[in-house]
Amino acid sequence: MASALARYPHFCNSATPEGRPIVRPRISNPAAAPNGKKPNNKLRRRSKADHFALNRALSAFVDSGCLDNAVYLFENMPRSDAYAWNVLIRGFVNKGLFREAVELYRRMAREGIRADNYTFPFVVKACGGMLALMEGEKVHAKLFKAGLDLDLYVGNSLISMYAENGRVDLAEKVFGEMCERDVVSWNAMISGFLSGGDGWSSLALLREMQVYGMRPDRYSLISALGATSLECYLRSGREIHCWAIRSGLESDFMVETSLVDMYCKCGTVYYAERLFNSASKENIVTWNAMIDGYASNALPSKSLACMKSMQDNYNLNPDSITMINLLPACAQLGFLRVGKSVHGHSIRKGFFPNMVLETALINMYGISGGLKEAKFLFGKMAEKSLISWNAIIAAHVQNGQNEEALGLFQKLWCEPLEPDAITIASILPAFAEVALLREGRQIHGYASKLGLGSNIYISNSIIYMYAKCADLSTAQQIFYKMSIKDVVSWNVIIMAHGIHGCGGKSIALFKEMQKYGVEPNASTFFSLLMSCSISGLVDEGWGYFNQMRGSYNIDPGIEHYGCVLDLIGRTGNLDCAKEFVTQMPMVPSARIWGSLLTASRKHGNIEMAEYAAKHILSLEHDNTGCCILLSNMYAEAGRWEDFEGIKSLMRKEGLTKTVGYSMMESRGKIYSFTNNDKCCQHASMIYGVLDIISKGIGVNIHSTRVTRFRLLDLAKERAKSAAAHAVRLAISFGLVSTAIGKPVLIRQNTRICEDCHSAAKKISDLSCREIIVGDAKVIHHFRDGRCSCNDYW
DNA sequence: TTAGGGTTAG
């Protein structure tokens, strides 16, 4: 637009680029007699014919897209009437130069030419195109004053303008007050409801227009098919298809494309494919609709094959929309390389800048593990929409970068953009993973403000978020208040109880969901088995695992095997655990070997730990957690050479321990602590409390692990002593900064260490307070010297 | 001699 303005600056300010006001050359009127006497009829007729010829030439330039020539001619015409102005305004509108069109309309008024019933439809359309509601309303007031508001064409353009500006209510008002309506009026309103996201009203209006004796045309059908797609209402789509056949519109290329798209969006890709196969293949839009249809119906390979066939068999070159539609297929297949080649092709073809394409690429990179590329693209984008922000936030969450996602969410508030349902749905998992309860409540409040309280998808995420923020009771309340619950709602509430160590309640909920007629799926069993594993319900877990295939016809996936392995690990029968891993029907992942490693550490079996670690490092050579765990085991066993071996491996690989931190909230403020943090707020008070607590539970804050380490390492390890680990600093501060009797809520980004777990149990007993620590996997409830995880995590 | 509604995309 900026370049267009530079090209036609005089329409904005009636001045030449040098700043001189444009003075239209006044060619003497040939019809005027030189002596000032009345012109004769012959001369007058000739003058009129010349004027008409110039207008016709102007119109011809505009129709053929030669706007530069049209402008030149217009500026050099001896006189211009409303017709000439209208034609030129039309030229700008048709080229999408809406600002210039409106400027020309303003200049027309300044030059004393009255806008007429032909002018306003173009000007109103320009206001719709540039999403300028205020300008549109001003133009509406002007045409009302001119008595043109009842003009059919003007009314039709007003309907579209208001709908485009998101004011379907005003569009409806104009439509309702029209004294005359034609098929275009009905179509504009049908399309208006559709753009406002109200497909049902569109479809109702399609029926109503027929009651009024109006026959739908190709435009009516195209909009109505869009409405059907929006509402996924196949029955209506089929009716419209029948109407298209009866009225001979089925072979209209745009109706045909809309039908293909409708069948895909309604999930009936088979019908779309049948129609597509018999359709003309000349139009790339139809191909694009089919490529998108395959990908949206989980047929990504067909999507790629369709694109290839389009190129090889029909010699059509993919456009930017083809690229956009292809990217979800790449993401589904995990074809990062193909996705990158789509990116490269788009660069070579000059498709950039293109906000939609860039956003689609960010989505693809986010899903395919290419967060670095997604971040790079986002940073380079010239223009970003809310959808672009949603995509980059989701990319961070999908790749476990929750804190960065929350940072971006905060930055979004500084933009002139308002977060929507997708933003909330994208960011909620990050809140669940790293936020404190107060922040969780804020995002819940914001979701309610956006009217998303009854959105199942959002509600499910909110339930999980409350559970992870240690507020199981609010999670339960929201769950039971939901008027409609889907299988995900049940899975989430089962998992919510599971992570709080309430495995028995998870089993009860599993039985309850079936009483309500909800069929469990693979995720239900994952939640259930995970709950059994956290609560140590070994027999129950085994029972449900065995029922999966036999009673529910669900094949256990690797995640289910992982849960059962945790269950076996609890029993301490590590040989059985090892055998279970080697006999799994799928290749064990690093996560599976990690489960065996955890069990080995828990039961002090260093040989089994080494065996598991060997497998983990062969799959993930940079697995820091594995190295840390094994080095701790070596240290505890006094195997210093092996300990140093692991440490040097870590140095060689450039692996650094994740910095653990704990967070807690007091009086609306968030406090964060790292291990042995001497710079935290209220440090002297916190260390004073910690000293008292440590003495109370029989721990010397300065020499906790002396016996476990060599004297040489004593000084080094003292600094790292678990006695001043972040979680204990947070607990110390929590005990004195929160109301007596209330639980102390802590969040920790890593798993709680054994020493701190043991200390937290004792502190809960000593202080008669409940201490809740949500670590990276489990919510530990420490009460009366015990923990809800039964000391296995 | 001029006008209004329209297909695929994040």
Side-chain angles (χ1 to χ4, degrees), chain A residues 51-60 62-63 81-91 93-94 116-125 128 148 151-161 163-164 175 178 181-192 194-195 216-226 229 252-262 264-265 283-293 295-296 319-328 331 351 354-364 366 381 384-392 394 422:
Chain A
H51 177 66
F52 268 44
L54 284 175
N55 273 354
R56 265 199 300 273
L58 184 71
S59 188
V62 163
D63 289 341
D81 55 7
Y83 174 89
W85 288 87
N86 293 345
V87 167
L88 200 58
I89 292 173
R90 171 163 66 92
V93 172
N94 289 347
D116 62 14
N117 54 323
Y118 289 99
T119 321
F120 284 111
F122 295 128
V123 179
V124 170
K125 189 177 179 179
L148 292 169
D151 181 274
L152 178 64
Y153 285 77
V154 170
N156 291 345
S157 61
L158 282 170
I159 294 171
S160 295
M161 184 273 290
E164 272 180 283
F175 181 76
M178 286 172 92
R181 292 182 199 134
D182 65 1
V183 68
V184 179
S185 326
W186 289 89
N187 290 347
M189 200 60 238
I190 290 172
S191 151
L194 177 62
S195 63
D217 64 5
R218 65 196 294 247
Y219 302 114
S220 327
L221 298 195
I222 290 161
S223 295
L225 285 168
S229 304
D252 177 292
F253 75 102
M254 276 156 90
V255 173
E256 204 166 47
T257 302
S258 297
L259 280 166
V260 167
D261 185 51
M262 179 276 295
C264 289
K265 297 246 164 66
N283 180 12
I284 194 168
V285 182
T286 321
W287 285 93
N288 287 347
M290 202 62 235
I291 290 168
D292 173 60
S296 330
D319 63 8
S320 60
I321 299 179
T322 319
M323 300 291 105
I324 292 162
N325 290 349
L326 216 49
L327 288 166
F351 292 155
N354 178 323
M355 192 165 54
V356 179
L357 179 54
E358 286 157 330
T359 306
L361 279 163
I362 291 172
N363 272 336
M364 181 276 296
M381 279 176 84
K384 298 174 183 115
S385 69
L386 178 64
I387 307 174
S388 323
W389 280 88
N390 291 348
I392 194 69
I422 308 291

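Numbers restart at 1 for each chain; the letters A, B, ... are given by sequence-line order, proteins then strands.
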For F175(A), give me all partners under ring pair (Phe, Tyr, Trp, His ring centres under 6.0 Å), at least two apart in sequence or on another chain.
W186(A)
For the side chain of [X] and the base of [N], is some donor closer than 3.5 Å to an acceptor across the two?
X	N	result
Y83(A)	dT2(B)	no
S258(A)	dT7(B)	no
S385(A)	dG10(B)	yes

Give me the atom names and distance for the closest heavy-atom approach of S157(A) to P121(A).
OG-CA, 3.6 Å
Return the minimal non-hydrogen interatomic distance between F351(A) and L357(A), and the atom names on each side.
CB-CD2, 3.7 Å
[X] [atom1] - [N] [atom2] separation (whole Å):
X	N	atom1	atom2	result
W287(A)	dA9(B)	CH2	P	17 Å
L158(A)	dG5(B)	CG	P	11 Å
D116(A)	dT1(B)	CG	C1'	13 Å
I387(A)	dG10(B)	CD1	P	8 Å
F120(A)	dT2(B)	CZ	C1'	15 Å
I222(A)	dT8(B)	CD1	P	9 Å
L58(A)	dA3(B)	CG	C1'	15 Å
N390(A)	dG10(B)	CG	P	13 Å

From C-beta outward on [X], which listed nucleotide comes closest to its side chain: [options]?
X	options	value
I324(A)	dG5(B), dA9(B), dT2(B)	dA9(B)
R218(A)	dG10(B), dT8(B), dG6(B)	dG6(B)
V356(A)	dG10(B), dT8(B), dG6(B)	dG10(B)
N55(A)	dG5(B), dT1(B), dT8(B)	dT1(B)
I321(A)	dG5(B), dA9(B), dG10(B)	dA9(B)
Y118(A)	dT7(B), dG10(B), dA3(B)	dA3(B)
N187(A)	dA9(B), dG5(B), dT7(B)	dG5(B)
N363(A)	dG5(B), dG10(B), dT7(B)	dG10(B)
R90(A)	dA3(B), dG10(B), dG5(B)	dA3(B)
N325(A)	dA3(B), dT8(B), dG5(B)	dT8(B)

Examine dG6(B): is either OP1 or OP2 under 4.0 Å from a nitrogen or oxygen in the side chain of S191(A)? Give yes or no.
yes
Side-chain N or O of K265(A) less than 4.0 angstrom from OP1 or OP2 on dT8(B)?
no
Indicate, with a heavy-atom threshold strictly under 4.0 Å, whether L225(A) touches base, sugar-phosphate, or nothing.
nothing
Identify whether a stacking contact exists between Y153(A) and dA3(B), where the ring centres must be under 5.5 Å apart and the planes under 30° apart.
yes
Positive for side chain to side chain contact (heavy atoms under 4.5 Å, CB included) with T286(A), one of I284(A), N283(A), N288(A)
N283(A)
